[in-house]
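I have placed the structure first, in the form of structure tokens, so that the comments after it can refer back to it.
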Protein chains: 2
Amino acid sequence: MARWEPDARLRLVRAAIDLYAEQGYEVTTVAQVAERAGLTKATFFRHFPDKREVLFAGQEHHSTLLAEGAAAAPDGATPLEAVTAALDHATAAFTPEQRAWGPRLRAVVASSAELQERAAFKRAHLAAALADALRRRGVPDPTAAVAAELGVEAFHRAFDRWGDTTDDRSYGDLARSELHDLHAAATALR
Amino acid sequence: MARWEPDARLRLVRAAIDLYAEQGYEVTTVAQVAERAGLTKATFFRHFPDKREVLFAGQEHHSTLLAEGAAAAPDGATPLEAVTAALDHATAAFTPEQRAWGPRLRAVVASSAELQERAAFKRAHLAAALADALRRRGVPDPTAAVAAELGVEAFHRAFDRWGDTTDDRSYGDLARSELHDLHAAATALR
DNA sequence: CTCGTTGATGAGACCAAGTCTCGTCACCGT
DNA sequence: ACGGTGACGAGACTTGGTCTCATCAACGAG
């Protein structure tokens, strides 16, 4: 038998989502989250840098996936095709487990300005990573920024719709569809 | 003679920018900022909700200006023309005083992840306010979001170039120019 | 002129986030 | 058998942020 129960990190994430949803993010203390996970405050901060990050850990992975996908697109691909490749590659992050947690996470984040702030920061990182990957492909500056912005917007819109159980399409299909709509709106803009 | 020196709020802003720039944002305590302004920590928090906001106060005004400008555009205006009107209207916020503080502010914000987080949040608010104003004009959803995103990107790019003293064009001219470039990139996107 | 009100501030207690140091002890390789 | 490793607990400590209460110049009513 192990000295400590395994998956301390996962237990912390679950405890945090549960408590934040039950009684609210602001009134929940880190000590409470740690206690529900069978740990202490000090250990919480060994796994996460702050009280917010426990909800967003794993999203650095999204940046990596988007950048990898864009970089791996064939040489002749247009910027938009590279963004599509990035979204396809990011599909790897969207497991059924994520789908189950999505709505609860969205609700909790929506309830707190502090959490929305972190979400905005993560989104900015996503856009920066994707724009960087496009620039490394030789896409010139204003185009790379616009394409990355559309890609990240599609990424988030698709995630929102993916969480609605009424829509049974795969995340990849939803992302392609959102990107197509955004691109159409952009080219038609006057 | 007044009981208190006037402009407590402004003194706090100046003290904060100075100290954050001199010795770094993270190692500066709110008590130090208040002391340099001739006040106490409690009074700091009467003027600003937290340690970060002292650098961003006044930016809610930007959302208001953008929304007002977009709402005031003539009835027949296209979405892009409404965004242009919004940027023109926001010109009111860019005084010579702002121009002098801009580069220092940018440097301080760039030095701290916590401050970049707040900046990303403010940007998201700007985009949401502009998109809302466009939707109220009857612009349908994906188009409003894309136009707002381009507008906010132009807003920030113009502010960056406006801070470079090498470029003597007015903020309004710079913003129109940036928006034009971004729009061109968007319509040419493949 | 006097007096009560107003409102910005100071003083300081208080809580929680986040940091840091030190001690513990199962596990693992030698 | 034994020393090293690493995840964890305990608890002190700093600082961001909140709250309550006291202070006192300005101001207006009488």
Side-chain angles (χ1 to χ4, degrees), chain A residues 1-57 108-109 111-119 121-122, chain B residues 1-57 108-109 111-119 121-122:
Chain A
M1 184 159 65
R3 176 175 180 194
W4 300 287
E5 298 303 315
D7 303 321
R9 196 182 164 91
L10 185 59
R11 265 155 43 216
L12 284 169
V13 172
R14 276 201 274 252
I17 294 183
D18 286 349
L19 282 171
Y20 294 172
E22 279 174 24
Q23 61 185 20
Y25 166 78
E26 277 131 19
V27 302
T28 303
T29 70
V30 171
Q32 286 176 335
V33 174
E35 189 188 6
R36 177 166 296 200
L39 298 166
T40 63
K41 190 182 76 159
T43 300
F44 178 98
F45 287 110
R46 282 192 189 97
H47 286 277
F48 304 100
D50 59 52
K51 186 184 173 185
R52 298 163 280 295
E53 195 63 15
V54 65
L55 298 184
F56 296 94
V108 171
V109 171
S111 75
S112 154
E114 215 174 310
L115 293 174
Q116 293 174 257
E117 202 167 338
R118 178 59 52 87
F121 194 43
K122 295 290 180 178
Chain B
M1 184 157 67
R3 176 176 180 193
W4 301 285
E5 299 301 315
D7 302 320
R9 197 182 162 90
L10 185 59
R11 267 157 40 218
L12 284 169
V13 172
R14 278 200 275 251
I17 294 183
D18 286 349
L19 282 171
Y20 294 172
E22 280 173 24
Q23 60 185 21
Y25 166 78
E26 278 132 17
V27 301
T28 302
T29 69
V30 172
Q32 286 177 334
V33 173
E35 189 189 6
R36 176 167 295 201
L39 298 166
T40 63
K41 190 182 76 160
T43 300
F44 178 98
F45 286 110
R46 281 193 189 95
H47 286 276
F48 305 99
D50 59 51
K51 186 184 173 186
R52 299 164 281 295
E53 195 63 16
V54 65
L55 298 184
F56 296 94
V108 172
V109 171
S111 74
S112 154
E114 214 174 311
L115 293 174
Q116 291 174 257
E117 201 166 340
R118 178 60 51 89
F121 193 43
K122 295 290 180 177

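Computed from a predicted model, the values in this text were never measured in an experiment. Note on naming: letters A, B, ... go to the chains in the order of the sequence lines (proteins, then strands), and numbering restarts at 1 for each one.
A search for side chain to side chain contact (heavy atoms under 4.5 Å, CB included) contacts involving A42(A) returns T40(A), R46(A), not counting sequence neighbours. Applying the salt bridge (Lys or Arg N to Asp or Glu O under 4.0 Å) test to D50(B) and every residue at least two apart in sequence or in another chain returns R52(B), R118(B). With sequence neighbours left out, the side chain to side chain contact (heavy atoms under 4.5 Å, CB included) criterion links A119(B) to F56(B), V109(B). Not counting sequence neighbours, the partners of A57(A) by the side chain to side chain contact (heavy atoms under 4.5 Å, CB included) test are R9(A), F48(A).
The salt bridge (charged side-chain N to carboxylate O under 4.0 Å, His left out) pairs that include a residue from residues 17-39 of chain A are D18(A)-R104(A), E22(A)-R36(A), where partners are two or more places apart or lie in different chains.
At whole-Å resolution of the value, CZ in R9(B) and C1' in dG7(C) are 17 Å apart. At whole-Å resolution of the value, CZ in R11(A) and P in dA7(D) are 14 Å apart. As rounded to whole Å, 17 Å separates atom P of dG12(C) from atom CG of L39(B). Summarising the geometry, the separation between CG on L19(B) and P on dG16(D) is reported as 12 Å, rounded to the nearest angstrom.
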- Message: For a quick check, with a 4.0 angstrom heavy-atom cut-off, what is the B/S/- contact string for nucleotides 16-21 of chain C, read 5' to 3'?
- Response: SSBB--

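The phosphate of dC8(D) (OP1 or OP2) has a side-chain N or O of H47(A) nearer than 4.0 angstrom. Using a 4.0 Å cut-off, some side-chain N or O of T40(A) falls inside it from OP1 or OP2 of dG9(D).
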- Message: Does K122(B) form a side chain to side chain contact (heavy atoms under 4.5 Å, CB included) with E53(B)? I'd like the steps, not just the answer.
- Response: CA-CA 10 Å; K122(B) 295 290 180 177; E53(B) 195 63 16; 2.7 Å; yes

